[in-house]
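See structure below.
First the proteins, then the strands, lettered A, B, ... as listed; each starts at 1.
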Amino acid sequence: MATNYETVIGLEVHLQLSTESKIFCGCSTSFGADPNENTCPVCVGLPGTLPVLNKKVVDYAIMAGLALNCEIAEYSKFDRKNYFYPDLPKAYQISQYDLPVAQDGQIEIETEEGIFNIGVTRVHLEEDAGKLIHEGTIDKSTGSLIDYNRGGIPLIEIVSEPDMRSPAQARAYLTELKKTMEYLDISDCNMEEGSLRCDANVSLRPVGQKELGVKAELKNMNSFSSVEKGLEYEVARQKKLLDNNKEVVQETRTWDEKLNKTISMRGKEEAHDYRYFPEPDLVPLEISREWVAEINETLPELPREKYKRFISEFSLPAYDAGVLTGDKEMALLFEETISYFNDPKTISNWIMSEYLRLLNESELTVSASKIDAEGLGTMLKMVDDGVISGKIAKTVFEKMFETGDRPAAIVEEEGLKQISDSDKLAEIVNRIIADNPDAVEDIQAGKDRAIGYLVGQVMKETRGKANPGMVNKMLREKVK
Amino acid sequence: MISRKDVEYVANLAHLKLAEKEKEEYTEQIGSIIDYVDKLKELDTENVTPTAYTVPMKNVLRDDKARESLNRKKTLANAPDKKNGLFKAPRIMSDN
């Protein structure tokens, strides 16, 4: 009989913190500088230099810990993780071993299968390594070039419990984590640019078994979809091995985006023994409860809370709440717009259809776009008051998006005001009736659809500005 | 006491190639150092809080302000090998 297996996944996420200077020296963290321009004796590891901890880095780690419902350590310290690799100029990385800044947290995620709590083991601080450029491929190269600009950029590593049971859950966890960190505004969280990196531990075990199976560590996934695809591939690979009574080997595997498969890195790395020991060049951290409370004060409403509140407070469908809270700025725009036009669902519809379409087409972010709450709100109010038609509103909105002008000014300037003057409308309606005797006959013969045709003709004549309700009513009265 | 195996293991981690004679020598030397340090274990530390630090200092922090970096020429001045403003290291993979 075939065994049923349960998938067990844990994720390790590295996030670059958006500070101005590096974690242990005053070098700039700016992206795009020439190679090794942002370096100094501390971050290239010259002898005799001393690291000094950046306070903001600790603030951010505490913030991340609180957002992930962790306990913040009262006493924390740094340790040296020793290994040789050219991207590490000191031959050790300053990291945290047994006393991380935060531990024992959790985060709620939602997939199509339901709601799950994923444990967060720890959040610790460390320095990033430099960037290696191999001359040719890594296994055939004659040497590697090193840019230490990235070396010493502050990172937090967020380690999850092995609580995820499917690649879809892993993706949902990653999405929620990214959103949360974006709300905190402590990292760019850009996976393509490497400010968010993710490694995954994945194993299978027979359903009901407590002990974990042998795991593979998956690396090199540089998008959310490649995390999911890589994990799916790995689950299938391990299942096939187990089904054929073969063993899964504990190893690091790399995801190959082009080949769509994971490849063993066996033999490409030595057995790890990092010989952690306390970093003697840094003094310990004592994190007072006052410090934690101070940071707690600055914590914004988190995406998951906001999502739930949007559903309960504004009676939005879960889908809408998910889209709107997926971006902090968009959620803010939505809520602010309500104070100008109190119809949440209509606002949500406009944001999710017209606004998102325009953002995608122009590849702009919410904060970079020219739409603001006042503009969107007053425009929707103009539709509601019958000043402009819903159709014209789309034209007005596009103009607002393009120029940032106020809707009233656009309507005025372009002469887009809805025609609700009955004398003026009657004149046009009469003309259309006279020009379309066939349609009139059809209507009189009971073909109601022909009314729509005539309404269309009036709208065309007025370039969409006629009040469609009035036109409809007028036509019915006049033709019958 | 430590064994010759321990010395080989540590040498490997440190990327050191030791001659047979050296391994023997170091097993003895490192062994006696460890034995010496082991004397500390004789102390009664029952009521002593463990610490990793000897100086009574904590929370030495700096503000998040960027300052000028070192001139790149200087950064690279002592590099054994360099190319286009980058440090150059020998190939990483061993030939096996």
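- When the candidates B/Thr51, B/Leu61, B/Asp63 are compared by the number of heavy-atom contacts under 4.5 Å with chain A, B/Leu61 comes out ahead.
- For chain B, no part of A/Phe277 is nearby; none of its heavy atoms comes within less than 4.5 Å.
- For chain B, the option among A/Cys40, A/Ser30, A/Pro278, A/Ser28 with the highest count of heavy-atom pairs below 4.5 Å is A/Cys40.
- Looking at A/Val52, both its backbone and its side chain come within 4.5 Å of chain B, counting heavy atoms on both sides.
- Using a 30° and 60° split on the angle between ring planes, A/Tyr97 and A/Tyr276 fall in the parallel class, below 30°.
- A/Arg150 places no side-chain N or O within donor-acceptor distance of the main-chain N or O of A/Tyr148, the cut-off being under 3.5 Å.
- Proximity of A/Thr262 to A/Asp256: side-chain heavy atoms (C-beta onward) are nowhere separated by under 4.5 Å.
- A/His14 and A/Glu126 share a donor-acceptor pair across their side chains, judged by distance under 3.5 Å alone.
- A/Leu282 touches chain B through its backbone: at least one of N, CA, C or O sits under 4.5 Å from a heavy atom, while the side chain does not.
- Atom CD of B/Gln29 has more than 12 heavy atoms from other residues, nucleotides or ligands within 6.0 Å.
- Ranked by heavy-atom pairs under 4.5 Å with chain A, the list B/Lys83, B/Glu68, B/Lys74 is led by B/Lys83.
- Proximity to chain B (any heavy atom under 4.5 Å) is restricted, for A/Ile133, to the side chain, taken from C-beta onward.
- Only the backbone of A/Phe78 comes within contact range of chain B, with at least one heavy atom under 4.5 Å from a heavy atom of that chain.
- For a residue to count as touching a neighbouring chain, one of its non-hydrogen atoms must lie under 4.5 Å from one of that chain's; by this rule A/Asp59 does not touch chain B.
- No other option in A/Pro280, A/Gly143, A/Ala91 has as many heavy-atom pairs under 4.5 Å with chain B as A/Gly143.
- Nearest approach of A/Asp188 to A/Glu182, heavy atoms of both residues: O-OE2, 4.2 Å.
- Summarising the local packing, CD of A/Glu257 is surrounded by more than 12 heavy atoms from other residues, nucleotides or ligands at distances under 6.0 Å.
- Residue contact with chain B, scored on non-hydrogen atoms closer than 4.5 Å, involves the side chain of A/Pro86 exclusively.
- Only the side chain of A/Val58 comes within contact range of chain B, with heavy atoms under 4.5 Å apart.
- Seen from the ring of B/Phe87, B/Lys82 does not count as a face-on cation partner, given the 6.0 Å and 45° thresholds.
- Using a 4.5 Å cut-off between heavy atoms, A/Cys43 does not touch chain B at all.
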